[in-house]
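Everything on this sheet refers to the single structure shown next.
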Amino acid sequence: MERNEPSVTVIGLGLMGRALAGAFLKAGHPTTVWNRTTAKADRLVADGARLAPSLTAALRPGTLAAVCLTDYPALYELLDTDEVDLTGTTLLQLTSGSSGQARDAARWAERRGARYLDGAIMAVPPAIGTAEAVILTSGPRTDLDPHRPVLDALGTVDHLGTDHGLAALYDVAGLAMMWSVLNAWLQGTALVRTAGVDATTYAGFARTIAAGVADWLPGYAEQIDSGSFPAEVSALETDARAMAHLVEESEAVGVNAELPRLIQAMAHRALAAGHGGEQYPVLIEEFSRPRRD
Ligand code: FVH
């Protein structure tokens with residue numbers, strides 16, 4: 001392994017942490033690892049990683065330390081102690097959490113003399129090290145850029161902006177998108193299965209619909225950003241009539257109608273607020289505040 005390669009430390013060697021350290025090693029970066037349960041480092045040490053005898057030894061000044069633990073409390077349990085000197089370390093937090101936890105951790109790290117980047121891994125461990133593995137990061141770009149040559153070993157590293165909370169927000173927004181698409185697909189599958197159509201047959205149609213709706217997003221986003229929702233394709237009141245069909249059909253064929261009713265309820269609130277003649281993205285108003293009625 002070339003010793004002139006920039007080094008990196010991985011704190012937390014769970015399923016994801018081990019994948020991260022393995023990708024750094026594979027790319028030729030001198031990699032230091034630390035884990036509460038040291039046995040999880042065995043394979044990595046055999047592959048050339050250095051097992052730090054302590055967290056202090058793992059976090060020397062100037063180190064880029066990727067932290068991948070169960071949750072934020074684990075971060076503080078490990079690092080918020082007088083025994084650990086974080087001065088001059090750059091922490092890249094790859095543990096899942098909320099935007100509030102990320103912003104709090106950034107303030108905590110600054111008090112401890114460390115640079116802090118928050119990240120969200122939009123991939124599963126086996127994908128790490130491939131271009132398909134998207135690593136979202138947020139925090140000062142000046143703290144990220146010096147370490148990009150190392151971090152590029154993980155996959156596609158995207159910098160979202162200076163606000164440390166951005167990666168966590170994109171993470172949950174992406175999950176909202178993923179689960180909503182999957183739930184809509186399951187609703188449709190349940191409906192057609194009442195007529196003997198199997199999931200595999202329906203999946204092709206569902207994929208076409210999902211791809212078509214995905215193509216609408218840029219134009220709908222422009223409407224939201226402009227605050228103007230002219231009904232160029234369909235007015236919300238027209239959509240609401242189709243929603244009634246979805247609810248009635250779901251109930252008639254005996255499948256669950258909770259998701260259709262939620263879709264309908266959100267639209268009805270917008271209709272009640274006088275938005276019936278506008279296009280679907282006007283519903284952003286309903287999604288942007290807690291439920292009122
Ligand atoms: N695995 C995945 O596909 C997802 C992909 C998206 C991002 N997540 C997030 O990554 C974080 C780690 O997930 P993980 O799957 O690696 O989780 P585990 O395999 O359970 O490993 C947890 C590691 O955290 C260490 N740990 C937990 N609590 C403490 C603590 N109090 N003090 C010190 N270390 C702690 C644990 O150590 P040990 O049990 O091995 O001694 C593991 O190293 C997570 O935020 C996902 O949401 C993964």
Side-chain angles (χ1 to χ4, degrees), residues 8-26 31-47 49-59 64-84 86 89 91-106 108-109 112 114 116-139 151 153-160 164-179 182:
V8 61
T9 290
V10 178
I11 305 291
L13 300 178
L15 291 169
M16 182 54 79
R18 290 198 297 274
L20 300 175
F24 290 134
L25 282 172
K26 188 175 178 184
T31 302
T32 297
V33 295
W34 184 94
N35 195 61
R36 176 179 60 181
T37 306
T38 52
K40 290 185 184 174
D42 290 351
R43 173 74 180 276
L44 292 163
V45 170
D47 290 344
R50 166 184 168 261
L51 176 59
S54 68
L55 274 169
T56 298
L59 293 167
L64 167 67
V67 182
C68 197
L69 304 171
T70 302
D71 53 26
Y72 275 72
L75 170 82
Y76 295 117
E77 189 175 319
L78 268 187
L79 300 184
D80 194 22
T81 70
D82 295 337
E83 289 75 53
V84 177
L86 292 174
T89 297
L91 296 176
L92 170 60
Q93 168 71 303
L94 293 173
T95 302
S96 300
S98 69
S99 58
Q101 286 176 313
R103 295 177 180 131
D104 289 346
W108 162 80
R112 297 294 307 274
Y116 184 88
L117 294 162
D118 202 79
I121 303 171
M122 313 306 287
V124 292
I128 297 299
T130 70
E132 287 66 47
V134 172
I135 316 289
L136 303 176
T137 63
S138 50
L151 294 174
L154 299 179
T156 302
V157 177
D158 287 344
H159 180 252
L160 298 172
H164 286 98
L166 282 172
L169 285 171
Y170 268 69
D171 192 7
V172 289
L175 292 172
M177 193 82 181
M178 178 183 75
W179 287 323
L182 289 174

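We count ligands from 1, going down the list as the structure has it; atoms in each ligand are counted the same way. No experiment lies behind these values; they were computed from the predicted model shown.
- The distance criterion of under 3.5 Å between nitrogen or oxygen atoms is met by Gly14 with respect to ligand 1.
- Ligand 1 has no N or O atom lying under 3.5 Å from any N or O atom of Thr95, backbone or side chain.
- The minimum heavy-atom distance linking Thr56 with Glu83 is given by the pair OG1-O, 2.8 Å.
- Taking CG of Asp104 as the start and CG of Leu75 as the end, the distance is 11.5 Å to the nearest 0.5 Å.
- Of the protein's non-hydrogen atoms, Lys40 NZ, 2.7 Å is the one closest to atom 40 (O) of ligand 1.
- Residue-level proximity to ligand 1 for Met122 is absent, since no heavy atom of it falls below 4.0 angstrom.
- Interface of Ala74 with ligand 1, defined as ligand atoms under 4.0 Å from a residue heavy atom, comprises 28 (N), 29 (C), 30 (C), 31 (N).
- Between Gly14 and Asn35, the shortest heavy-atom distance links the atoms N-OD1, 4.4 Å.
- There is a protein heavy atom closer than 4.0 angstrom to atom 10 (O) of ligand 1.
- Those atoms of ligand 1 with a heavy atom of Leu13 less than 4.0 angstrom away are 43 (O).
- Of all the heavy atoms of Met16, the ones lying under 4.0 Å from any atom of ligand 1 are found in both the backbone and the side chain.
- Distances from atom 27 (C) of ligand 1 to the heavy atoms of Val124, Leu20, Leu175, Thr70 put Thr70 nearest.
- Nearest to atom 41 (O) of ligand 1 among the protein's heavy atoms is Thr37 OG1, 2.6 Å.
- With a 4.0 Å cut-off on non-hydrogen atoms, Leu15 touches ligand 1 through its backbone as well as its side chain.
- The protein heavy-atom contact nearest to atom 43 (O) of ligand 1 is Asn35 OD1, 2.6 Å.
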Evaluation steps, side-chain contact (heavy atoms from CB on, under 4.5 Å), between Leu154 and Ile121: CA-CA 10 Å; Leu154 299 179; Ile121 303 171; over 6 Å; no
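- Nearest protein heavy-atom contact of atom 36 (C) of ligand 1 is Arg36 NH2, 4.1 Å.
- The shortest contact between atom 6 (C) of ligand 1 and any protein heavy atom is with Ile121 O, 3.3 Å.
- The two residues Ala102 and Gly165 come nearest to each other via the heavy atoms CB-CA, 4.2 Å.
- Each of Val134, Leu175, Thr156, Ile135 was compared with Met122 under the side-chain contact (heavy atoms from CB on, under 4.5 Å) criterion, and only Val134 meets it.
- Checked options Ile128, Leu69, Leu94, Thr95; the residue passing with Met16 is Ile128 (criterion: side-chain contact (heavy atoms from CB on, under 4.5 Å)).
- Of the protein's non-hydrogen atoms, the one nearest atom 3 (O) of ligand 1 is Pro125 CD, 3.2 Å.
- Within the 4.0 Å heavy-atom criterion, the part of Ala123 lying near ligand 1 is the backbone and not the side chain.
- Of the listed options Leu75, Leu69, Asp71, Leu69 places a heavy atom closest to atom 44 (C) of ligand 1.
- When every heavy atom of Tyr116 is checked against every heavy atom of Ala109, the shortest pair comes out as CB-CB, 3.7 Å.
- Considering all non-hydrogen atoms of both residues, Trp34 and Ala58 come closest at CB-CB, 4.2 Å.
- On a distance-only criterion, Ser96 and ligand 1 share at least one N/O pair closer than 3.5 Å.
- Considering all non-hydrogen atoms of both residues, Ala19 and Pro125 come closest at CB-O, 3.6 Å.
- Looking only at distances, no side-chain donor or acceptor of Arg103 sits under 3.5 Å from a matching main-chain atom of His164.
- Residue-ligand proximity, Glu77 to ligand 1, at heavy-atom distances under 4.0 Å covers atoms 31 (N).
- Interface atoms of ligand 1 facing Gly12, defined by a heavy-atom separation under 4.0 Å, are 43 (O).
- For the atom pair CG (Leu44) and OG1 (Thr32), the distance works out to 11.5 Å, reported to the nearest 0.5 Å.
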